[in-house]
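Below: one structure, written as structure tokens.
Keep in mind it's a predicted model, so treat the numbers as computed, not measured. Naming convention: chains lettered A, B, ... in sequence-line order (proteins, then strands); numbering from 1 in each chain.
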Number of protein chains: 2
Amino acid sequence: MAVGLREVAARAGVSVRTVSNVANGFAHVAPETRRRVQEAIDELGYRPNTAARSLRRGRTETISLVVPELDSPYFAELASLVVRAAEERGWAVHIDQTDGRADRERRMVSGPAGRSVDGVICSPWAVAPEELAALSAGPVVLLGERTAPGRLDHIAIDNVAAGEAATRHLLSLGRRHLAAIGAQPHLHNDTARLRLQGHRATLLAAGLPPAEDRVVAVSTLHRPDGAAAMARLLDGPSRVDAVFCFTDELALGAMRTLAERGRRVPDDVAVVGVDDILDGRYCVPSLSTVAPDKAQIARLALDCLARRIQDPQAPDRDLVADHRLEERESTLGAAARRRQSSPPGS
Amino acid sequence: MAVGLREVAARAGVSVRTVSNVANGFAHVAPETRRRVQEAIDELGYRPNTAARSLRRGRTETISLVVPELDSPYFAELASLVVRAAEERGWAVHIDQTDGRADRERRMVSGPAGRSVDGVICSPWAVAPEELAALSAGPVVLLGERTAPGRLDHIAIDNVAAGEAATRHLLSLGRRHLAAIGAQPHLHNDTARLRLQGHRATLLAAGLPPAEDRVVAVSTLHRPDGAAAMARLLDGPSRVDAVFCFTDELALGAMRTLAERGRRVPDDVAVVGVDDILDGRYCVPSLSTVAPDKAQIARLALDCLARRIQDPQAPDRDLVADHRLEERESTLGAAARRRQSSPPGS
DNA sequence: ACGTTGCATTGCAACGTTGCAAACTAGTCG
DNA sequence: CGACTAGTTTGCAACGTTGCAATGCAACGT
């Protein structure tokens, strides 16, 4: 049943090697031979055996994408872009979820993936990048923050600048009682810390006193965490007229709580998030956000990986992807609709 | 550099075959030998070469998941569940996106996937299931509707019943001017047609006249399509006090338009969708929806695939997954919040 | 004592492909 | 005309693993 080079060769009356040459588009095959072989390939429906090819070539043309979870919009959108970009290179993508569990992150970077894929793009959550660097058994590109320089390539947006941009935007609206949702002091993950740093620095520069009771920590970055955090803020002693959420999902949860409590957004409380997930464009009110250039992140990650696969000894790179502030209704109110007449397509 | 059975065998002083036996947990290995070999495996950091194993065994322990797009919440959530379920079986998942393009759907079912994976789970969009059945070159499970019986296993919810449930719910609220968004007459895809069929049948049974001008066709099922469709309805001549959207994304788009036009949901227009995507639980108002049991779909798909991999000649199966109506604020209003006190976690 | 049984271990071949280098052909040049 | 070049095709071996069948060995029953 299985059609291999052998069968095609027999049919076309040439050697196995010649069929291989034709199948791979190698040079120096006589036009007439090529035609005859191609015909046999088509007739028999030959498909190269990926396993044999990988074994022989030592390359799988497959990469692994490791994310905490795929049902989170940010990672889903990122995964979509990575798959698309990989496809342009002829690479297949193999997806793993870690659920943010440290053991799984370690395994994905060091484990079986190290042998069955050419490289790994990993978005770590619980494990410190330095540790992952030590474990890696092949080309690995990390997505997200890394403060200490390590052995691995790494791509992130400027999270301090992102925190500053969001905070400046809220201040520019005249808000003076800013809260932040999304600190994660318990994690070896610097993303939240850097966003908070940008937030604090901007408040300080504006002459506003730091208000630690208005910085709310969360255990994960999903809507329920944002909703609970917002409830805690509203139940707390401090007045709040603006909230910087470290992810859009947190922001959507926060807006949910605000709606339930009858607070108007942005009139009573302005909200800004980070990630620019699709939901944020269509929810009511639409969500202002710091938008990382996800397509660029995907592209850079693959470039990096390609380079490292080609030369495992290449020096480390730390690349910074672009971001920009998207001002929408959750901060500007109805004015946003005039500014950006029609919501962009998905 | 590459550590294979050969190196481990040399180190442990046994044959290559014995190392293989230990690595695979085969029976009849003396405890002492096992210990020594395991030690060598650990010390050298041996990882089995997947390509060689696949070549020899004829199985890749990998499946392919083919969806129109991964950034669509429904497919992202489904993919997440499929990856999780596959992992329990020790299978890797390889993800492809078709963008709803017919050529890509055909290729994914018949193409390279047929040789490098043990099976394919495909959610077709543009190509008729019957055609895909004819093309398939290996175990394939189709997700979504299929009216004509074919050669392939297939899993779906009862879309007629789903359409009925949504419509009955709207009628039970006293609405009498129902619209439907999401018809797709141009596609070889019966999902929309069956949901519409359930919708119409229910209206008819309630003695309401069919109102074809209140059935809006869309080209894709995303938020912008829903927003545009809703605008068309509001600009049309017919009064509308309830909308059944064939997906939650369409519903979110529709609610966006309603908000922009100052219509209250559900007071002026009640909205119900299908899919139960996470966004629907946290948007304002939260979205009533017909919730397919996505975890069950994922599980059934893998069961089906496992069975077919084991026995390619097994008879076709058409499995029906459960669904249930989730009544939330977009139809019940504030009452929904009392009924379901706290929104479930993600 | 000898055949039998069952466990533990092994060597050999093969999975389908491609790298390598050699072999062959035809055309060109000195 | 023979040597050389360029173009085309080929056989062989190997990638790392596992199926198969055979081997060695000790314990057992008769």
Side-chain angles (χ1 to χ4, degrees), chain A residues 1-38 40-41 44-62 90 92 112-118 137-138, chain B residues 1-38 40-41 44-62 90 92 112-118 137-138:
Chain A
M1 200 58 234
V3 179
L5 290 178
R6 195 185 312 281
E7 286 73 20
V8 178
R11 169 110 177 183
V14 295
S15 77
V16 169
R17 198 64 186 73
T18 298
V19 180
S20 173
N21 286 338
V22 172
N24 289 288
F26 282 171
H28 305 319
V29 177
E32 160 60 14
T33 311
R34 164 162 283 131
R35 196 194 53 72
R36 215 169 61 245
V37 172
Q38 189 60 54
I41 287 178
L44 296 178
Y46 165 78
R47 299 279 161 201
N49 180 314
T50 315
R53 174 174 286 179
S54 298
L55 174 59
R56 189 61 247 241
R57 297 213 246 216
R59 299 270 236 98
T60 59
E61 308 296 335
T62 299
R115 295 276 290 204
S116 58
V117 299
D118 296 337
Chain B
M1 198 60 229
V3 179
L5 291 177
R6 195 186 312 281
E7 286 74 21
V8 179
R11 171 109 176 184
V14 295
S15 78
V16 170
R17 198 65 186 74
T18 298
V19 180
S20 173
N21 286 338
V22 172
N24 289 287
F26 282 171
H28 305 319
V29 176
E32 161 60 14
T33 311
R34 164 162 283 130
R35 196 194 53 72
R36 215 169 60 244
V37 172
Q38 189 61 54
I41 286 179
L44 296 178
Y46 165 77
R47 300 278 162 202
N49 180 314
T50 316
R53 175 173 286 179
S54 299
L55 173 59
R56 190 61 248 240
R57 295 214 246 217
R59 299 270 237 98
T60 59
E61 307 296 335
T62 298
R115 295 275 290 204
S116 58
V117 299
D118 296 338

Q. Does A/Thr33 reach the side chain of A/Val14, with side-chain heavy atoms less than 4.5 Å apart?
A. yes
Q: Look up atom CZ in A/Arg53 and atom CZ in A/Arg59, then write down how far apart they are to the nearest 0.5 Å.
A: 12.5 Å
Q | Identified pairing partner of D/dA21, criterion: Watson-Crick or G-U wobble below 3.5 Å | A | C/dT10
Q) For B/Ala52 and B/Phe26, take the nucleotide of DNA chain D holding the closest heavy atom to each; which residue's nucleotide lies nearer the 5' end? A) B/Ala52
Q | Separation of C/dC15 P from A/Asn49 CG (nearest whole Å) | A | 11 Å
Q | From B/Arg47 atom CZ to A/Ser116 atom OG, the distance as rounded to the nearest 0.5 Å | A | 11.0 Å
Q.
Minimum heavy-atom separation for A/Phe26 and A/Val29, please, with both atom names.
A. O-CG2, 3.8 Å
Q: Under a 3.5 Å limit for both distances, which nucleotide forms a Watson-Crick or G-U wobble pair with D/dT30, could you say?
A: C/dA1
Q) About how many Å separate OG1 of B/Thr50 and CG of A/Leu55, when rounded to the nearest 0.5 Å? A) 11.0 Å
Q: Output all residues satisfying side-chain contact (heavy atoms from CB on, under 4.5 Å) with B/Val16, sequence neighbours left out; order by chain, then residue number.
A: B/Leu5, B/Ala9
Q. Rounded to the Å, how far apart are A/Leu5 CG and D/dT9 C1'?
A. 15 Å
Q.
From CZ of A/Arg59 over to P of C/dG19, roughly how many Å is that when rounded to an integer?
A. 11 Å
Q) Rounded to whole angstrom units, what separation is found between the CG atom of B/Leu44 and the P atom of D/dG16? A) 14 Å
(Q) Can you measure B/Leu55 atom CG to C/dC15 atom C1' for me and round it to whole angstrom units? (A) 4 Å
(Q) Looking at C/dT9, I'd like to know if its phosphate oxygens (OP1 or OP2) sit under 4.0 Å from a side-chain N or O belonging to B/Thr33. (A) yes
Q: Starting from the 5' end of DNA chain C, give me the residue, B/Arg56 or B/Ala30, whose nearest nucleotide shows up first.
A: B/Ala30
Q: Compare side-chain N and O positions of A/Arg53 against OP1 and OP2 of C/dT18 and report whether any pair is under 4.0 Å apart.
A: yes
**Q.** Integer-rounded Å distance: C/dC15 C1' and B/Arg57 CZ
**A.** 13 Å
Q: Find the distance A/Arg47:CZ to C/dG16:P and express it as a whole number of Å.
A: 17 Å
Q: Pull out every residue in residues 17-25 of chain A that has a heavy atom closer than 4.0 Å to any atom of DNA chain C, ordered by number, or say none.
A: A/Arg17, A/Ser20, A/Asn24
Q. More 5' along DNA chain C: A/Arg6 or B/Val29, using each one's nearest nucleotide?
A. B/Val29
(Q) Quick check against the 3.5 Å criterion: does A/Arg11 have a side-chain atom that pairs as donor or acceptor with the backbone of A/Ala40? (A) no
Q: Could you check how far NE2 of A/His28 sits from P of C/dG19, rounded to whole Å?
A: 15 Å
